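A short worksheet on the structure shown next.
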Amino acid sequence: MSDVLKLMIYLGTSLIFVYSRQYIQLREMFRGEFYALVLFAVVGMMIMVSGQNMLTLYVGLELLSLSLYALVALDRDNARATEAAMKYFVLGALASGLLLYGMSMIYGMTGSLNIADINTALMGSVKIHAVLILGLVFIVAGLAFKLGAVPFQMWVPDVYEGSPTAITILISSVPKLAAFAFVIRLLVQGLPTLVADWQQMLMIMAVLSIIVGNVTAIAQTNLKRMLAYSTISHIGFMLYGLMSASMNGFVYAMFYVVSYVLMTLAGFGMILLLSRKGFEAEQLDDLKGLNQRSPWHAFLMLIVMFSMAGVPPTLGFYAKFTVLQAALQAGYLWLVVFAVLMAVIGAFYYLRVIKLMYFDEPIDTHPIQAPIDMRIALSVNAMALLVFGLMPQKLMELCAYAITRSLS
Amino acid sequence: MVAYCIQHILSFAIWTPVLAGIAVLFTANDNKPDTTRWLALAGSIVSFLVTIPLYTHFNFADGGFQFQEGFNWIPAFNINYHLGVDGIAVPLILLTSFTTVIVVIAAWEVIEKRVAQYMACFLIMSGLMIGVFSALDAILYYVFWEAMLIPMFLAIGVWGGPNRVYATVKFFLYTLIGSLLMLVAFIYLYLQTGSFEIVDYYNFPMPLNVQVLIFLAFFAAFAVKIPMWPVHTWLPDAHVEAPTGGSVVLAAIALKLGGYSFLRFAMPIAPDAAHYLSGYMIALSLIAIVYIALVALVQKDMKKLIAYSSISHMGFVTLGFFIFNDLGLEGAMVQMVSHGFISAAMFLCVGVLYDRVHSRQIDAYGGVANTMPAFAAFAVFFAMANSGLPGTSGFVGEFMVILGAIQANFWYAFLAALTLIFGAAYTLWMVKRVFYGEVANQQVAVLKDLNKREFLILAILAMLVLALGVYPHPLTEMTNATVTQLLSHLAQSKLPAGLVSGLPAPTGL
């Protein structure tokens, strides 16, 4: 699992570098700090993916988080960004505290910080004690914060909206891969004995995330904020895979995260592409008439939106299909029916984006300026959603390979 | 080579229009639209020709699936790219590819804005709909079914009328909600049988409560598509706002997707539930036939009137399905094909008027027959066909369904037959107000009669309506074996108690 996820993180980060170059150059953020901090964040993610010890995992998470806090505030004269950084930092520190507190309780009960040892200890002599459950609650809360699942989602829209888009694309994409690995390490490898407990917590978070994410997204006029709420609902769907607590469920949760990262990269990539000096293409209305300005880019965004809505023949459809299949297999029939109804609500705001691009006349008639490498990368990225949508087998196999190697 | 092509004829039928549509996109240049138009026409004609062998090489005695082909598409879920058609799919495939040619010609001078995208939308849609009719794997079917929404959504939204955004979003969301419930049913069936092959579902026994739930999930998807009362409200909106081509495709083919899918999925997979719920289905069909016909009577907008008339006619189709006899089923098939021609022609007629006067209101016209005699002749003919005049295809289907209904219950037939009166009333009343009488206003006085292009497409459709009305044999011959086989399948109970089977009984519901 770690190899596959690491490769994905490297790939995603490279794409982010390509997408964001012009953006940060135009905003005088093209400095060594940007690259250094992003790379530190990548190191943090690598540690999170590979760590086998609670402390190591925690250190990785903190390295990632601290780099992100600094990145959000990189454009220091921007009031919105500084505000977002502050919020992110305060809430993030709280979540880290919760996580660490939970870890200390688990340590107290099992006498070890090593994931494998904790598992053996719980399988063996240690009795399931209330403190253990309490520790689990804290850990799940901390994880939910990092993932951005309801009810720990408050920071997501503000931070997404406030950060410079080049940073938003980073926050919203690859760290989710690392957070997924983190969840697998702690819950599935470390605490499988408590499965009945964390399954319930994940279930509640999944359902709430899907409701809050989809319903709130409808009311947004800011594209970045809308994508933030859409992220929350995607996390909810991913949790459907995890809460199934079966090998299948984990495989398809991973498949969902990977698909989600591809979609998000393309979605924010498009915002970066449409932005130019002194202009952020972050309002929904900025997309108006994109089809007339550039049919190709409108088509790419169309694919991204339908993929996020889960309409075939795009990757997003298989992502939803597979996690719902896993959840149905685990017996959650009515939760699955609920999720598909929510997916219809979700489709509404994705359709609105398409409506703006295709049905409305453009108000912004500036030609789109973007370096050719960025255009190519974005095209490949968005077309990958279509190609994997037609042939999802390889990607599914990869995820299945990764998970079975790690968990069996 | 020929053998190879016949072997993969369905793949060719699906992908030729899709590729043609993509090719058309590359000619996008609104200053020189003629290249685009001719390329689109060539693409649609080739796509139509490709589907011809489905008729000429069809084995009429075989009620099972023919022209089967496939490979393992997504082994992780045992999903196959499995195509095949039987006697109920082939007529609809031919109807689809034929209608696409009509749509391309009908759009010739009318569409001036983003011609390439318009043509591409309809060509790609045609391929996807043929895919729906020929998929034998549930997920493959689902992919085509949903993917088809995307071009339709764009077609209505980009080229539609003033209230197009509301109409197209409503259309999309209505269809999506039903489809997703159907997807849940597919996943459930997959978990029980370990396969997405439709044929595997046919022989899979299930207790009644499970069957009912599965049937209702399918019902949610297909009833919206047909559309059945009371989930029909998206159709008048979508029709009114859609460009002429969009209306034609919606009425002629998209509605048939729902009817076809009842026969392919809901009824054979859950036959006991179909019998169990048939009373409700018949009631809904009769409400659609009678009540919607009355609604059509008071419409002021011609397209809306035809849209309601479509719903009423599709009520005949569902009535034919759920009386479970071969007259009813075959009549429903004839009705679907015939409605494909007639409604397409009616919408084209409205399109002809709309292009000239830019109004769809009935009271904007009057005395059109004086200025457009040739057009009036066609319009009156199609109106007659729509109200079920003997000698036209509209009569054959309705008559067969009514005969079938009499075998089931006299009152079904009585209520259904009422529509012959109502149908005549709303159609002929519209004709009277639009075509006859004094020339109503200056705009009507200067109308020019049909040009060659419009004459050509209306003439072809008129000939087909007549041909099918006088001699429906080629169509019934094709559906006969399949309908017989379907009925015998439906007559067998699939409840697990009566069957000796190694398959596990479904649990979890």
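The model shown is predicted, which means the values in this text are computed figures rather than measured ones. So you know, we letter chains A, B, ... as the sequences are listed, proteins then strands, and number each from 1.
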- Considering only heavy atoms, which portion of A:Phe348 lies under 4.5 Å from any heavy atom of chain B: side chain, backbone, both, or neither? both
- Task: Return the option, out of A:Ala343, A:Pro312, A:Ala339, with the maximum number of heavy-atom pairs under 4.5 Å with chain B.
- Result: A:Pro312
Show me the side-chain donor-acceptor pairs of residues 172-179 of chain B shorter than 3.5 Å, one per line, residues at least two apart or across chains.
| unit_1 | atom_1 | unit_2 | atom_2 | d |
| --- | --- | --- | --- | --- |
| B:Tyr174 | OH | B:Thr233 | OG1 | 3.0 |
| B:Thr175 | OG1 | B:Phe171 | O | 2.6 |
| B:Ser179 | OG | B:Trp145 | NE1 | 2.9 |
| B:Ser179 | OG | B:Glu146 | OE2 | 3.2 |
| B:Ser179 | OG | B:Thr175 | O | 2.5 |

- Task: Consider only side-chain N and O atoms of B:Tyr141 and B:Ser261, and report whether a donor and an acceptor are under 3.5 Å apart.
- Result: yes
- Message: Using modelled atom types and a 3.5 Å cut-off, is there a donor and acceptor pairing between side-chain atoms of B:Asn78 and backbone atoms of B:Gly194?
- Response: yes
- Message: Please tell me whether A:Tyr401 and A:Arg405 have a donor and an acceptor in their side chains that are separated by less than 3.5 angstrom.
- Response: yes
- Checking B:Leu128 against chain A: side chain, backbone, both or neither under 4.5 Å from a heavy atom? neither
- Query: If you tally heavy-atom pairs under 4.5 Å against chain B, which of A:Pro313, A:Ala400, A:Ala309 wins?
  - Reply: A:Pro313
- Task: Measure A:Leu328 against the heavy atoms of chain B and call it side chain, backbone, both or neither at under 4.5 Å.
- Result: both
- Give the minimum heavy-atom separation between A:Arg375 and A:Leu273, together with the two atoms involved. CG-CD1, 4.1 Å
- Pick whichever of B:Tyr142, B:Phe186, B:Trp159, B:Phe144 has the most heavy-atom pairs under 4.5 Å with chain A. B:Tyr142
- Task: Measure from the side-chain N and O atoms of A:Ser244 to the backbone N and O of A:Tyr240, and report whether any donor-acceptor pair falls under 3.5 Å.
- Result: yes
- Item | Heavy-atom proximity to chain A below 4.5 Å, by part of B:Ile139 | side chain
- Item | Part of A:Phe321 within contact of chain B (heavy atom distance under 4.5 Å) | both
- Item | Most contacts with chain B, counted as non-hydrogen pairs under 4.5 angstrom, among A:Leu351, A:Asp360, A:Val340 | A:Leu351
- Query: Considering only heavy atoms, which portion of A:Tyr252 lies under 4.5 Å from any heavy atom of chain B: side chain, backbone, both, or neither?
  - Reply: side chain
- Query: Counting heavy-atom pairs under 4.5 Å to chain A, which of B:Val184, B:Thr168, B:Val169 comes out on top?
  - Reply: B:Val184
- Note on the structure: Applying a strict 4.5 Å limit to non-hydrogen atoms, the region of A:Glu397 in contact with chain B is neither
- Query: Is there a donor-acceptor pair closer than 3.5 Å between any side-chain N or O of A:Gln220 and the backbone N or O of A:Thr216?
  - Reply: yes
- Query: Based on non-hydrogen pairs under 4.5 Å, which of A:Gln325, A:Gln393, A:Lys355, A:Gln329 is most in contact with chain B?
  - Reply: A:Gln393
- Part of A:Phe317 lying under 4.5 Å from any heavy atom of chain B: side chain
- Message: Would the distance check show the side chain of B:Arg164 and the main-chain N or O of A:Phe359 forming a donor-acceptor pair, the cut-off being under 3.5 Å?
- Response: yes
- For B:Tyr81 and B:Ser11, test the side chains for any donor-to-acceptor distance below 3.5 angstrom and give the result as yes or no. yes
- Item | A:Leu390, part contacting chain B, at a heavy-atom distance under 4.5 Å | backbone
- List for me each residue that meets side chain to side chain contact (heavy atoms under 4.5 Å, CB included) alongside A:Ser209, sequence neighbours excluded, and say none if there are none. A:Ala149, A:Val150, A:Ile232
- Item | Closest-packed option against chain A by number of heavy-atom pairs under 4.5 Å, given B:Leu181, B:Ile150, B:Leu154, B:Leu183 | B:Ile150
